[in-house]
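Numbers restart at 1 for each chain; the letters A, B, ... are given by sequence-line order, proteins then strands.
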Number of protein chains: 2
Amino acid sequence: MATTTKRDTAERSAELERYADMFSAMGTAARLRILQLLLTAHPDGLVVGELAAELDIPNSTLSHHLDKLKHEGLVLVSREGTFLRYTANTEALQALLGFLYAECCTRNKVVEPKRMLACCK
Amino acid sequence: MATTTKRDTAERSAELERYADMFSAMGTAARLRILQLLLTAHPDGLVVGELAAELDIPNSTLSHHLDKLKHEGLVLVSREGTFLRYTANTEALQALLGFLYAECCTRNKVVEPKRMLACCK
DNA sequence: GCCATATTTCTACAAATACAGAAATACAGG
DNA sequence: CCTGTATTTCTGTATTTGTAGAAATATGGC
């Protein structure tokens, strides 16, 4: 019989916390919109100035949002001279989608999870 | 050619806001755990006392979290005498999953979205 | 080294959120 | 109607979050 060790539980709750933080990072219209724009521009991504042009929010606010998205691993950054280019982190998004799918559907036993595994890049 | 009217844009941003609120509602470990428990118990759901027994948080705090989840449409409530029974709102979760899938994958053109439509109940 | 541009950090503040003890409400049963 | 149990609302506080102006930093070109 499979025993659930204290470490298992700790890991599981740490994982839960991580996903909660990711959901939280997507929990405002501004940041969700940023992600949308980056996904639309994927895999090239966008530099901050391009995002700013679309979003009509002050640079400092935008920077703050980008920092949060970066901190939760939802976007990646690379420098191009003076510019910083942000791209959506498809791996993280795939993980999040997979988690949601597993929680929502696997436990519900409506669709087998295999179908999701190939999702995203 | 399809023109994008002002109303289209307003609707789209209202929708975005709604999904952002949903993500926000799942943006803490406590509420994500509540959803997990409800999904595990789906379709029966759980009464508040059962949730309280699992979660080890004060009733008032739990009630507050449940209220937020209810407000964002992620759970449904029904009264059973003295008890209130909460269930996961699979329709809302399916919509959220579909949104995330569409944003993450359709734009990315990796997997066709048809595969998701039958997901959840 | 200096200048111009891109982006972030600093700082501050208002608003939202998490939390929880205590009181209030809702219901079932006697 | 009174009692006990279930759950929420009330209340207050501490923390986090969103926002943004101003200053600072980073980079490339002259």
Task: Length of the CD-P vector between A:E17 and C:dA18, whole Å - done: 12 Å
Open item on the list: When you measure from the side chain of B:R85 to the backbone of B:D44, do you find a donor-acceptor pair of N or O atoms at a distance under 3.5 Å?
Closed with: yes
Task: Axial bend angle, the helix from C:dG1-D:dC30 to C:dG30-D:dC1: five-pair end segments, nearest 10° - done: 20°
Task: Flag side-chain contact, heavy atom, 4.5 Å: B:H42 against B:L38 - done: no
Task: Distance (rounded to the nearest 0.5 Å) between A:I57 CD1 and A:I34 CD1 - done: 5.0 Å
Open item on the list: Please report the distance, rounded to the nearest Å, between CD in B:E80 and C1' in C:dA28.
Closed with: 14 Å
TODO: Indicate yes or no for a side-chain donor-acceptor contact from B:N89 to the backbone of B:G73 under 3.5 Å, with no hydrogens or angles considered.
DONE: yes
TODO: Please check if the side chain of A:E50 supplies one atom and the backbone of A:V47 the other of a donor-acceptor pair under 3.5 Å.
DONE: yes
Task: Residue pair B:E72 / B:S24, side-chain heavy-atom distance below 4.5 Å - done: no
TODO: Starting from C1' on C:dG21, measure out to CD1 on B:I57 and report it in whole angstrom.
DONE: 15 Å
Task: Under 4.0 angstrom between B:H65 side-chain N/O and C:dC19 OP1 or OP2 - done: yes
- [ ] Give, for atom SG of A:C104 and atom CZ of A:F99, the distance between the pair rounded to the nearest 0.5 Å.
- [x] 10.5 Å
- [ ] Let me know the distance between CE of A:M26 and C1' of D:dT17, rounded to the nearest Å.
- [x] 17 Å
Open item on the list: For B:D67, is there an ion pair with B:K70 - N to carboxylate O distance below 4.0 angstrom?
Closed with: yes
TODO: Could you run through nucleotides 2-16 of chain C and give me one letter per nucleotide, 5' to 3': B if any protein heavy atom sits under 4.0 Å from the base, S if only the sugar-phosphate is that close, - if neither?
DONE: ---BSBBB-------
